[in-house]
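Report on the following structure.
What you see is a predicted model; the values in this text were computed from it and never measured.
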Amino acid sequence: MTDLPAAIDRVLPSVRADLEDLIRIPSVSADPARVADVQRSAEATAALFEAEGFEVRIVRAGAGAPAVIAKKPAPDGKPTVLLYAHHDVQPTGNVEEWTSEPFVPTERGDRLYARGAADDKAGIAAHLAAVRAFGNDLPVGVTVFVEGEEEIGSPTLLQLLDEYADELTADAIVIADSGNWAIGQPALTVSLRGLVDCYVEVRTLNHAVHSGLFGGAVPDALTALCRLLSTLHDDKGDVAVDGLHASRAAELDYPEDRFRAESSVLDQVKLIGSGSLVDRLWTRPAIAVLAIDAPRVADASNTLVPVARAKVSLRVAPGDDANKAMQALRNHLEQNAPWGAQVTVTEGDIGQPCSINARGAAYDAARSAFASAWGVEPVDTGMGGSIPFIAEFQQTFPNAAVLVTGVEDPDTRAHGIDEGLHLEEFAKVCLAEATLLQNLGS
């Protein structure tokens, strides 16, 4: 049997170098100018697994982004494990706000900073470390599936899963796109909220008019929009949209002082909502106003604004249906128009929530692997964020155990400025995944 701690220690330097090479490719799937970089990222990912003796090809569905499928067959009588990650990344935001260049991997303290350092090129690297640790003696069959459009909602993933179902069928699916409960505390993610968003436009005038001549009798659209948006929550901050599902999360304590530190909420700001923190974050709906289109302050004149628009995001609780939740949000916005304002709702993205029954041999193998790598028992957690494609994996492969793991921690800052990978935790993630493969093959 392979001495996995020693094997991981041996391969980590080369895996780190490969990770840094992937990071340097600005594979921003949301940017049309980066199409060539997304292709280059897929090719670089394919080359890494081809070098490990995998049969590799780059595929796509229609006009979708390139995905990588790499396969090594199972030894006789052994299961096959699908290892998922994605090679595309989020845009950087304002580059000037980064402490170091976002596509130049930079180590500071205990972290490696760069866009994609954690989300999700470290997921690719963890898979690479696990298979590299075994060399030519993998204890199970392994299929690596790395998509290239997760950060734009995986628009062609379901088509890919349908077209390549025979190649991707597995006994267990490891999705390395989540995180752990804390530094030193591993977790299995067993529920995720879904996501719907929409654009709500409020119009009160055919055109702008003088605020002195007409103000006081004619409502401006921006004020009307603000009043409409304020109806989305009650005075406690709980979501006030009828028809949305909510449930209870696991009995896991999340101290408020820790949450405040991790969320960076200002000291004087009160937390919103009722129930435990994990209920509010994992198993209840949440609504946020993401953006407003209205005149810039610098361009403002003494006129009543005729039309204003906002983007509204709704996180859908596990157990609810995202399409039903979208309709509930639409109904609320249309039925609460202030002062008879004209309200137009345009639907945006829809992603289903999911719940995972994390019981059975594969989950036992995962918990044992985590305990071995970290020296403490893992906890089951929810995720307030959304990974809609997990529901698509469950739909396409209903007999597979789906294990949602990851390299992130509460201070990873995925999608944000100064995204960073905790290097010591990453080493444990790699060891845990290798141990999981060994456990599944035993």
Side-chain angles (χ1 to χ4, degrees), residues 28-34 88-98 102 115 119 149-155 193-205 208 219-233 237-241 244 263-266 269 272-273 281 285-301 303-316 322 325-338 341-351 384-388 413-419:
V28 181
S29 53
D31 185 354
R34 297 292 190 185
D88 65 319
V89 300
Q90 281 279 318
T92 62
N94 186 352
V95 174
E96 294 180 358
E97 295 182 17
W98 284 72
R115 172 59 82 234
D119 184 20
E149 54 186 20
E150 192 275 343
E151 299 293 8
I152 55 172
S154 303
R193 289 193 291 201
L195 173 67
V196 301
D197 60 41
C198 69
Y199 303 89
V200 54
E201 181 180 279
V202 173
R203 179 176 287 277
T204 58
L205 292 153
D220 68 272
L222 188 51
T223 298
L225 175 64
C226 291
R227 288 179 67 91
L228 175 58
L229 296 176
S230 73
T231 69
L232 293 169
H233 298 85
D238 286 312
V239 170
V241 174
L244 297 178
S263 67
S264 78
V265 66
L266 300 180
V269 175
I272 63 173
L281 296 171
I287 290 180
V289 179
L290 302 183
I292 291 179
D293 285 338
R296 297 190 315 146
V297 171
D299 298 332
S301 61
T303 54
L304 301 181
V305 176
V307 61
R309 191 170 76 134
K311 183 175 184 179
V312 178
S313 168
L314 165 60
R315 298 287 177 170
V316 182
M326 176 72 89
Q327 187 61 51
L329 178 59
R330 171 189 280 276
N331 291 344
H332 181 96
L333 292 168
E334 292 175 344
Q335 294 168 8
N336 286 273
Q342 180 185 98
V343 172
T344 303
V345 177
T346 303
E347 296 182 3
D349 293 331
I350 296 179
S386 305
I387 310 179
R413 306 185 191 184
H415 295 197
I417 303 298
D418 285 348
E419 176 184 341

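The nearest pair of heavy atoms linking A221 to T204 is N-OG1, 3.3 Å. Here the shortest heavy-atom pairing between I387 and E150 reads CG2-OE2, 4.4 Å. For the residue pair C198 and L333, the shortest heavy atom distance occurs at SG-CD1, 3.8 Å. When every heavy atom of A30 is checked against every heavy atom of P32, the shortest pair comes out as O-CD, 3.4 Å. Listed here is the closest heavy atom pair of W98 and I417: NE1-CD1, 3.4 Å. Here the shortest heavy-atom pairing between G351 and A322 reads O-CB, 3.5 Å.
Between the side chain of R115 and the backbone N or O of G416 there is at least one donor-acceptor pair closer than 3.5 Å. For E419 (side chain) and D119 (main-chain N/O), a donor-acceptor pair under 3.5 Å exists by modelled atom type.
Between D31 and P91, the closest side-chain pair of non-hydrogen atoms is not below 4.5 Å. In this structure the side chain of I292 reaches within 4.5 angstrom of the side chain of L222, judged on heavy atoms.
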Throw together a table of side-chain donor-acceptor distances under 3.5 angstrom for residues 223-232, partners on residues two or more places apart or in other chains.
from : atom 1 : to   : atom 2 : distance (Å)
T223 : OG1    : D220 : OD1    : 2.8
T223 : OG1    : D220 : OD2    : 3.1
S230 : OG     : R227 : O      : 2.7
T231 : OG1    : L228 : O      : 2.6
T231 : OG1    : H332 : NE2    : 2.9

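One finds the CG atom of D349 at 12.5 Å from the CG atom of L314 (value rounded to the nearest 0.5 Å). Note that CD of Q90 and CD1 of I152 are 10.5 Å apart. Values are rounded to the nearest 0.5 Å. Here the CZ atom belonging to R315 is positioned 14.5 Å from the CG atom belonging to L244, to the nearest 0.5 angstrom.
Residue pairs meeting the side chain to side chain donor-acceptor pair (under 3.5 Å) criterion with at least one member in residues 193-202, sequence neighbours excluded, do not occur.
Crowding of R203 atom CZ: a count of heavy atoms from other residues, nucleotides or ligands under 6.0 Å exceeding 12.
Taking D293 as the reference, R309 meet the side chain to side chain contact (heavy atoms under 4.5 Å, CB included) condition, with sequence neighbours excluded.
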